[in-house]
Amino acid sequence: MEKSLIILKPDCMQRKLVGQVISRLENVGLKPTACKIIQLDDDLLKEHYAHLIRLPFFPEIVEFMTSTPVMVMIFEGENAVERIRNILGPTDSQKAPAGTIRGDFGLDKMCNIAHASDNKDSAEKEIARFFR
Ligand code: ADP
């Protein structure tokens, strides 16, 4: 069984979409095995989004991601990492196909509802980071 780390972002929390996003993952047989609500901070985001630190809009990402508490979850299932990325859709919600979480609920590139690990390696690192 593979595991993936999911973060339900502030837009998901504020717009009361938590239940719907979890249902989409449960409906395809994926199982939540860990869950907590936390307030992200600068240090954790610099680790989690290390690949984005040098981008000009990184401070805006930090501002957005720290604007409310987020729900951090582990979902488990066969081929979970790839399947969840497919269900989530691409980063830019405007380009995400209908039927994907970002396509149906996301607003733009920043407010795109959820994070999901993008490969098995990062899933392991992210799970260790958020569930020490
Ligand atoms: P993903 O979340 O699809 O794995 P990235 O790792 O590239 O995408 O980016 C992390 C997060 O940073 C995105 O989910 C989004 O919230 C934000 N982001 C990425 N690119 C942009 C952008 N061009 N403008 C605004 N926010 C962005």
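The first residue in the sequence is number 1, and the count goes up from there. Each ligand, and each atom within it, is numbered from 1 in the order the structure gives. These numbers come from a predicted model, not from an experiment.
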- Cationic N near anionic O, under 4.0 Å, Asp92 to Arg102: no
- Ligand-side contact atoms (ligand 1) for residue partner Asn112, heavy atom cut-off under 4.0 Å: 13 (C), 14 (O), 15 (C), 16 (O)
- Can you tell me the protein heavy atom closest to atom 4 (O) of ligand 1 and the distance? Arg85 NH1, 3.0 Å
- What is the closest protein heavy atom to atom 15 (C) of ligand 1, and at what distance does it sit? Lys109 O, 3.1 Å
- Query: Out of Arg102, Glu60, His115, who gets a non-hydrogen atom closest to atom 2 (O) of ligand 1?
  - Reply: Arg102
- Query: If you measure from each heavy atom of Met65 to ligand 1, is any distance below 4.0 Å?
  - Reply: no
- Where Phe64 and Asp11 come nearest, the two heavy atoms and their spacing: CZ-OD1, 3.4 Å
- Which residue supplies the protein heavy atom nearest to atom 12 (O) of ligand 1, what is that atom called, and how far is it? Ile61 CD1, 3.3 Å
- For Lys9 against Met110, the heavy-atom pair lying closest together: NZ-O, 4.3 Å
- Just checking, Lys36 and Phe131: is the charged tip under 6.0 Å from the six-membered ring centre and within 45° of the axis? yes
- Message: Counting only nitrogen or oxygen atoms and a 3.5 angstrom limit, does Met110 reach ligand 1?
- Response: yes
- Lys9: numbered ligand 1 atoms lying under 4.0 Å from its heavy atoms: 13 (C), 14 (O), 15 (C), 16 (O)
- Item | Residue, atom name and distance, where the atom is the protein heavy atom closest to atom 21 (C) of ligand 1 | Phe57 CE1, 3.3 Å
- Item | Glu26 and Leu30, any side-chain heavy atoms less than 4.5 Å apart | no
- Query: Taking the side chain as C-beta and beyond, is there a heavy-atom pair between His115 and Glu126 under 4.5 Å?
  - Reply: yes
- Note on the structure: Looking only at protein heavy atoms, what sits closest to atom 9 (O) of ligand 1 is Leu52 CD1, 3.5 Å
- Query: What protein heavy atom sits nearest atom 8 (O) of ligand 1, and how far off is it?
  - Reply: Thr91 OG1, 3.2 Å
- Asp118 near ligand 1, heavy-atom distance under 4.0 Å? no
- Item | Side-chain heavy atoms of Lys109 within contact of Ser93, under 4.5 Å | no
- Message: Pairing donors with acceptors under 3.5 angstrom, does anything connect the side chains of Ser122 and Asp118?
- Response: yes
- Could you tell me which atoms of ligand 1, counted from 1 in the order shown, lie closer than 4.0 angstrom to a heavy atom of His51? 5 (P), 6 (O)
- Query: Is any side-chain heavy atom of Leu25 closer than 4.5 Å to a side-chain heavy atom of Arg83?
  - Reply: no
